[in-house]
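Have a look at the structure below before the remarks.
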Amino acid sequence: MSQNPTKHTKVLIIGSGPAGYTAAVYAARAMLNPILVYGSEPGGQLTTTTDVENYPGFSEVIQGPWLMDQMKEQAKAVGTEMIEDHIGSVNLKSSPFEAIGDSGQKYTADSIIISTGAQARWLNIKSEQEFRGFGVSACATCDGFFFKNKEVAVVGGGNAAVEEAMFLTKFASKVKLIHRRDSLRAEKMLQKKLMENKKIEIIWDSVVEDVLGDKDPKNVKGIKIKNVKTNEVQELKLDGVFIAIGHDPATQLFKDQLEMDKEGYLITKADSTETNVPGVFAAGDVKDKIFRQAVTAAGMGCMAALEAEKHLSHN
């Protein structure tokens with residue numbers, strides 16, 4: 001038996017970040033005494049983002065980690081119980097719902113808000129990780145602005161990569177799209193637009209082997225790419241690299257219990273955060289692969305808490 005008695009809550013929030021913390025603020029203010037369980041990376045993707053210029057309410061540049069700390073403290077201040085634990089399994093068929101943490105702690109809940117987020121896929125080259133935030137990014141919408149009149153590369157071949165490349169032409173003087181195959185997976189319509197854009201050059205059949213740059217101050221100077229057909233290696237001079245090879249939503253936990261799309265994103269009802277299990281809600285990047293912004297995640301966190309409150313008052 002686990003050493004701790006079962007913890008029961010009206011609202012269990014799994015995962016932190018803008019969605020989880022905002023849900024907590026609203027649930028706590030509705031006197032629902034929520035419990036928020038956060039894992040080893042509280043604050044999620046924003047904690048790896050340095051300069052945030054697009055979160056409404058701040059005329060000066062703010063730091064991602066600071067914003068997450070503020071949201072966490074706000075959720076605490078209004079009455080959220082915060083627990084560091086990793087939820088290892090859930091049972092959404094039982095009533096109340098059950099979740100078990102790696103700590104051995106058992107949680108029961110009348111409603112659950114899932115805000116476990118997603119992770120950008122990286123190439124996982126040492127130099128790429130070294131320059132993350134210093135010229136290497138996984139979000140053009142977030143960081144494109146910093147590359148005015150500079151040369152950048154986008155790595156990938158799907159819709160996201162093509163959209164990022166197109167978006168970056170607003171700022172960059174030149175965008176090289178690097179794809180490991182000889183054709184793109186993106187929709188034909190998008191491909192046509194891409195091919196017509198004078199600022200974009202496509203480099204086929206190529207993979208990034210290394211990110212090159214200065215150590216002090218840290219900044220990207222170029223990349224080393226290899227042609228997979230000829231094995232020829234070349235260096236390209238550029239100022240930024242955008243990795244657009246997809247995201248992985250953190251939804252393993254809910255396999256076979258909640259409806260998800262083929263990429264693993266949770267499916268919710270239209271204009272709602274409710275999943276196919278009444279009383280279970282999903283907010284933020286765990287269900288949103290279109291916008292993926294802090295402000296939209298926060299908005300969904302608010303929706304989820306309001307919908308959870310309504311669900312609880314009706315049941």
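Contact of the M71 side chain with the M68 side chain is registered, since non-hydrogen atoms from C-beta on lie closer than 4.5 Å. Two residues are said to be in side-chain contact when any heavy atoms from C-beta on lie closer than 4.5 Å; L258 and I114 meet this criterion. Side-chain contact between K237 and E151 is absent, with no heavy-atom pair separated by less than 4.5 Å.
Under a hydrophobic-cluster definition in which Ile, Leu, Val, Met, Phe, Trp and Tyr are linked whenever side-chain heavy atoms come within less than 4.5 Å, directly or via other members, L46 and Y21 are assigned to the same cluster.
Distance check: S137 OG to E164 CD gives 7.5 Å after rounding to the nearest 0.5 Å. Atom CG of L12 sits about 10.5 Å away from atom CD of E81, to the nearest 0.5 Å.
Taking all atoms of both residues into account, the shortest heavy-atom contact from D110 to F97 is O-CE1, 3.6 Å. Contact detail for V152 and A172: the closest heavy-atom pair is CG2-CB, 3.9 Å.
In this structure, K218 forms a cation-pi arrangement with F134, its terminal cationic atom sitting closer than 6.0 Å to the ring centre and no more than 45° off the ring axis.
In this structure, a donor-acceptor pair under 3.5 Å is absent between the side chains of E98 and T108. Using modelled atom types, one finds no donor on one side chain facing an acceptor on the other under 3.5 Å when comparing S173 with N149. A side-chain donor from one of D285 and Q45 sits under 3.5 Å from a side-chain acceptor of the other.
Between F58 and Y55, the ring planes lie tilted relative to each other; the angle falls in the 30° to 60° range.
Between the side chain of K176 and the backbone N or O of A153, no donor-acceptor pair lies under 3.5 Å.
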